[in-house]
Amino acid sequence: MKSIFINVFNVDFHRYISLLIIIVFIRQTSAGVLPSQDSVSLYTANDKVVILTNQNFSSTVYQSKTAWLIEFYASWCGHCQSYANTYREVAIDTWGWKRIVRIGAINCYAEENSAICDQHTIVAFPTLRLIAPETTFNTSKAISLTANDAKDVERELIKELDALQIADKTWPRFRPLNQIAFSDIYSHAPTSVKLMLLIVEKQDDYTGRQIMLDFSKYHEQLTIFRTTIDGKLWHRFQLNITELPALLIVHPNRTTERINTKQNNNEKMGSRNLFNYAIRSYIHEKKCIDDFNDRDLEEIIHSKNALKNADKLKISDTDEKKPDDVVETRTISEKLSMVDLETALSYMLRREIPRIKEIQGEAYDALLHWLTVLIKYFPGRQPVMMYLKNLLSKVDNQPNGITGKKFREFADINTPESYLPNNQVRYQYCTGSLPRYRGYPCGLWLLFHTLTVSQVQSEPKRMRIIEIPSAVKSFIKHFFGCRHCSDNFMKETSDFHQLDSGDKNSAIIYLWKIHNHVNKRLHSDETEDPKHPKVQFPSENLCSKCQSDNNNFDMTTTLNFLLKFYSKNNIDLTSVEDFTPSGNTQDELTRKPSIDQYEMIEINNDSTKKFRNIRYIISIIQRFPFYFLIFSVIIIIIIRKRYCKGKRKRYTL
Ligand SMILES: Cc1cc2nc3c(=O)[nH]c(=O)nc-3n(C[C@H](O)[C@H](O)[C@H](O)COP(=O)(O)OP(=O)(O)OC[C@H]3O[C@@H](n4cnc5c(N)ncnc54)[C@H](O)[C@@H]3O)c2cc1C
């Protein structure tokens, strides 16, 4: 008996260890681990964007010698993902301005960064803020920038830098020289100045200010002023200017010399590039500035090319993907996961909603409406439903509205009878191939669809078809952090009040259609996880009879599919977390794998006892993968030693 066991053990030893390592690996790479800040960041060390975190934010940004433009974003937010390339471009374009302003970004999705995002009252993603130099958080004037396109952001940035009115002589003189006399011009430059340039331009032109920033590194030797045609200074200078903007050298004897900015006869080059080229050529030729070099420019060109190539690679990657390849790589889940629903709920209640400083008026009504709908229709476990009820009663007790902070306090309360695990970013089926993909918005969609189906299946006496779509809409309007997504959703659901009140399934169909519309809009854009393409749902693999040849859906079959797919019986309850006393991170969770507690209200769990036991064992392995591996290795070593001892004894006899 013993030898049989040992033989089996010997043969299977390596296979067994490999299996354990695979279990640990799967567990670590999918649901179990909070991604580190770096892994969820939309930016990398190769970008010109400084990655800010709770560790380096104050030491880098506050009391800094330079101003800081900061993007507050959430890595799950689709619009932030699309915006990242625009922001990269801003950081590259302004690389030469780093003595004046630096470009940084912080991911508010990382729990550890959330306090900083709260300090800056970030309610929507992405939000750009400019922080003035030499300021602390308390004294800093955070200025919102709303522009979308990189060039617009740069212009907004210049406007805001100009508005800071920094008196320091080393700071560029953005204000036009319209009030001073021409003879006084040198008295406004440092004594070390070796070259003085004057840019004459229209009032609303940014070329002069861009050039000042581009050459700000050489401020001790190179002074650049600007004047505008409206100020008439150029008139007083008696400059013979026919074309604007114009670039002039002001010699120490107050004579002026026009620089030909058209020598690089490239029509496509904007005036900033033409001026830049002309100034560089002049300085190289005259050797009038010490230690002048083109290093920043080279870096800018290199980074721009890298960004363009990355874009091209992405495009050719999607071009080359044949539909068959896509289907092969797609993970198709035929079930829903309670972990995904609860995780989305937890993030929503503990992070999204509390971001709103004062939840009052329409937003407060939206919150009450949303919590009520959750209590009525979310097919949750008993303690989770209890948690939602307690939360609603606490919010309802604040008739004048509630602060985000207070709401978070209420949402953090977990007791053994009433709790919602604080899973943070632990998703099961909504896990993407990279941490930035899927997650929260995926969980949110699943939650919305589940609610519409649950409403029909719970068959309330008086069913209001509009109840769930209107609660979803007002929730998205007031609380969904991806502002751009929220705006799109508002437009896409503008007709929701026309829902057919005579058809009890119309809310299910309505949300399904809207979601497919969003899928179509986002298909092949940078927010799409290549491993989970945004196809029209349900795909053929999930429901072969739902779609006909010409991509039309058979409504009866599709509705039946949705009713089954989003029914509470189709929710996978394995891996849900148990009560945690502190309500904090997943690591602190009390891991009592008591499957019995996971039973949902009104759900018939038809698993056999045997199946439950297997699930129980698997859940223990999943919960303690590392300890289980160590434990198994120790047991194996002990058994092996005993076997060897036994063998030796047999040989000595
Ligand atoms: C209200 C809302 C608006 C959004 N707007 C934007 C936006 O404007 N821009 C942007 O970049 N991102 C937007 N997003 C995010 C985007 O829709 C996806 O949620 C996100 O990109 C993650 O995609 P995913 O691959 O996980 O699939 P998701 O689209 O999140 O879908 C999750 C799951 O739902 C199921 N499903 C898919 N389609 C349907 C359907 N038609 N009916 C029923 N079930 C379905 C599938 O099982 C799928 O895996 C929005 C999200 C929400 C909740």
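Values below: every heavy atom of this structure, side chains too, minus hydrogens, waters and symmetry copies. Here the structure is a predicted model, which means the values were calculated and not measured. Atoms within a ligand are numbered from 1 in the order they appear, just like the ligands themselves.
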Inset, instruction - Look at atom NZ of K151 and say whether more than 12 heavy atoms of other residues, nucleotides or ligands are closer to it than 6.0 Å. - result: yes

Legend entry - Polar atom proximity, H515 to ligand 1 (N or O, under 3.5 Å): yes

Inset, instruction - Give the residue, atom name and distance (to 0.1 Å) of the protein heavy atom nearest atom 32 (C) of ligand 1. - result: C442 SG, 3.5 Å

Legend entry - Plane angle bin for F537 and Y566 - parallel if under 30°, tilted between 30 and 60°, otherwise perpendicular: tilted

Legend entry - Residue-ligand contact T527/ligand 1, heavy atom below 4.0 Å: yes

Inset, instruction - Would you mind telling me if ligand 1 is within reach of the side chain of N519, the backbone, both or neither, using heavy atoms under 4.0 Å? - result: side chain

Inset, instruction - Check the pair C430 / C442 against disulfide bond (SG atoms under 2.5 Å apart), numbers first and verdict last. - result: CA-CA 6 Å; C430 276; C442 170; 2.1 Å; yes

Legend entry - Option of least heavy-atom distance to atom 35 (C) of ligand 1 (set: Y427, F565, W512, Y566): Y566

Inset, instruction - Flag the pair Y109 / Y347 as yes when their ring centroid distance falls below 6.0 Å, and as no otherwise. - result: yes

Inset, instruction - Report, in ascending order of atom number, the atoms of ligand 1 lying under 4.0 Å from any heavy atom of F489. - result: 1 (C)

Inset, instruction - Tell me which one of R438, K473, H532, Q536 gets a heavy atom nearest to atom 48 (C) of ligand 1. - result: R438

Legend entry - For atom 33 (C) of ligand 1, the protein heavy atom that lies nearest, with its residue and separation: L446 CD2, 3.6 Å

Inset, instruction - Considering heavy atoms of the protein only, find what lies nearest to atom 15 (C) of ligand 1 and give residue, atom and distance to 0.1 Å. - result: P441 CB, 3.8 Å

Legend entry - Heavy atom of the protein closest to atom 23 (O) of ligand 1 (residue, atom name, distance): K534 NZ, 2.8 Å

Inset, instruction - Select the closest option to atom 8 (O) of ligand 1 among N488, L562, L522, judged by heavy-atom distance. - result: N488

Inset, instruction - Pick one of side chain, backbone, both or neither for how Y437 approaches ligand 1, counting any non-hydrogen atom pair under 4.0 Å. - result: neither

Inset, instruction - Mark up the atoms of ligand 1 that fall under 4.0 Å of a heavy atom belonging to I476, in ascending order. - result: 1 (C)

Inset, instruction - Tell me yes or no: between the side chains of S567 and N569, is some donor less than 3.5 Å from an acceptor? - result: no

Inset, instruction - Using modelled atom types only, decide if a donor and an acceptor are shared between the side chain of S486 and the backbone of C482 within a distance under 3.5 Å. - result: no

Inset, instruction - For R88 and L307, indicate whether the former's side chain and the latter's backbone hold a donor-acceptor pair under 3.5 Å. - result: no

Inset, instruction - For V518, counting its heavy atoms only, list the atoms of ligand 1 lying under 4.0 Å from any of them. - result: 17 (O)

Inset, instruction - Would you mind telling me which of H515, R521, K513 makes a side-chain hydrogen bond (donor to acceptor under 3.5 Å, both in side chains) with E492? - result: R521

Legend entry - Audit row: S506, D503, side-chain hydrogen bond (donor to acceptor under 3.5 Å, both in side chains) steps and yes/no: CA-CA 5 Å; S506 59; D503 176 3; 5.2 Å; no

Legend entry - Residue portion contacting ligand 1 (non-hydrogen atoms closer than 4.0 Å) for D525: neither

Inset, instruction - Select one of side chain, backbone, both or neither to describe which atoms of N516 lie under 4.0 Å from any atom of ligand 1, heavy atoms only. - result: both

Inset, instruction - For ligand 1, indicate whether the residue K513 contacts it via side chain, backbone, both or neither (heavy-atom separation under 4.0 Å). - result: neither

Legend entry - Residue part near ligand 1, for Q81, under 4.0 Å between non-hydrogen atoms: neither

Legend entry - Nearest neighbour in protein (non-hydrogen) for atom 51 (C) of ligand 1: W445 NE1, 3.3 Å

Inset, instruction - Considering only non-hydrogen protein atoms, determine which one is nearest to atom 5 (N) of ligand 1 and report residue, atom name and distance to 0.1 Å. - result: C485 CB, 3.2 Å

Inset, instruction - Would you please indicate yes or no on a ring centroid separation below 6.0 angstrom for H120 and F57? - result: yes

Inset, instruction - Indicate, with yes or no, if the rings of W76 and F480 have centres closer together than 6.0 Å. - result: yes

Inset, instruction - Determine which pairs satisfy disulfide bond (SG atoms under 2.5 Å apart) with at least one residue from residues 492-565, sequence neighbours left out, and list them in order. - result: C543-C546

Inset, instruction - Note the single closest protein heavy atom to atom 46 (C) of ligand 1, along with its residue, its atom name and the distance in Å. - result: F537 CE1, 3.6 Å

Legend entry - Aromatic ring proximity, centroids under 6.0 angstrom, W512 and F553: yes

